Amino acid sequence: MTYSYSPFVLLLLLLLLPFSLSAAVATATGHEYTAPREKMTHLHFFFHGRFAGPNATAVLVAVPPGTNATFNTFGAVIVLDDPLRDGPEASSKLIGKAQGLTAQASQEGTYLLMVVNFVFKAGKYNGSSLAILGRFVPDVSGTERSIVGGTGKFRMARGYTVGNVYIWTASYFVLELDAYIVHY
């Protein structure tokens, strides 16, 4: 079956085509986006971790075949669900969680690759998060890690954290963290 159109319909379509194209172009280019002004936020908090006992918050989940199952084994992967608190004491106010993983990324000592989200659960930033990526050396203070993104009030975040070892024992650690965040 073949279709035939009258010359009037074809002429009408040809006449209306430029108007429809100009309307589409005007809509696409007529809206200009102005980004909100960037802000710098400084947060100070404490990252608490426990890697032994029944309430462990950092758990070794994988080691290379044929090696000892320790946190220091090259290739070891550790999953974290550590509390973020407003002070160094275990009884300090819980402000969020550090959730993610670390991997032992060096054959020459304990040098961990951290891929962690700081998920805030209290206060002004409740429901917001920061995505952290970088190297962690447990026995070195002043270690920096990158902030590579965020959600909520930290949408489009970038910046860095500086971590200082506050307490480090065989089963428990506390890091004092300063986060310098540029966001909208």
Side-chain angles (χ1 to χ4, degrees), residues 35-53 55-61 70-74 76-184:
R37 206 173 141 176
E38 287 185 327
K39 300 179 262 194
M40 168 69 100
T41 299
H42 170 239
L43 298 178
H44 180 84
F45 53 93
F46 293 82
F47 182 131
H48 293 246
R50 182 174 303 282
F51 33 73
N55 297 319
T57 60
V59 179
L60 182 65
V61 295
T70 71
F71 282 87
N72 296 330
T73 303
F74 173 67
V77 176
I78 301 110
V79 175
L80 309 172
D81 186 21
D82 294 330
L84 300 175
R85 298 187 179 279
D86 67 358
E89 297 82 20
S91 61
S92 299
K93 180 181 177 186
L94 180 70
I95 61 166
K97 293 287 202 128
Q99 297 173 324
L101 57 90
T102 63
Q104 174 54 282
S106 175
Q107 295 179 355
E108 301 168 356
T110 303
Y111 301 103
L112 301 166
L113 168 66
M114 292 188 81
V115 182
V116 178
N117 288 314
F118 290 164
V119 182
F120 295 95
K121 298 183 175 225
K124 181 178 179 180
Y125 303 108
N126 184 25
S128 300
S129 69
L130 293 170
I132 311 298
L133 175 66
R135 188 179 197 208
F136 174 61
V137 184
D139 56 354
V140 175
S141 283
T143 303
E144 293 186 10
R145 281 167 295 286
S146 300
I147 296 172
V148 296
T151 65
K153 293 192 177 181
F154 296 126
R155 188 173 294 134
M156 302 288 291
R158 65 187 189 282
Y160 65 100
T161 65
V162 179
N164 291 301
V165 176
Y166 190 84
I167 297 170
W168 193 275
T169 71
S171 62
Y172 186 75
F173 68 89
V174 176
L175 302 177
E176 183 176 17
L177 288 174
D178 285 288
Y180 299 92
I181 309 148
V182 177
H183 60 102
Y184 292 106

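Keep in mind that this is a model prediction, so the values were computed, not measured.
For the pair I78 and F51, the minimum side-chain heavy-atom distance is 4.5 Å or more. Looking at heavy atoms from C-beta onward, P138 lies in side-chain contact with W168 at the 4.5 angstrom threshold. Residues T70 and L60 fail the side-chain proximity criterion, which asks for heavy atoms closer than 4.5 Å.
Of all heavy-atom pairs between R135 and T143, the closest is O-CG2, 3.1 Å. Across every non-hydrogen atom of K97 and K121, the tightest pair is CG-CE, 3.7 Å.
A distance of 5.0 Å separates CD1 in I132 from OG1 in T161, rounded to the nearest 0.5 Å. The CG atom of L101 lies 12.5 Å from the CG atom of D81; values are rounded to the nearest 0.5 Å. Rounding to the nearest 0.5 Å gives a distance of 8.5 Å between CG of L175 and OG of S141. Taking NE2 of H48 as the reference point, atom OH of Y166 lies at 9.0 Å (rounded to 0.5 Å). To the nearest 0.5 Å, the span separating CZ on F136 from CZ on F47 amounts to 7.5 Å.
When each of Y125, F118, Y184 is tested with F154 by the rule ring pair (Phe, Tyr, Trp, His ring centres under 6.0 Å), just one qualifies, namely Y125. Of the listed residues (M156, K39, M40), just one forms a side-chain contact (heavy atoms from CB on, under 4.5 Å) with V182, and that residue is M40.
Evaluation of the side-chain hydrogen bond (donor to acceptor under 3.5 Å, both in side chains) rule for E176 yields H44 as partners, not counting sequence neighbours.
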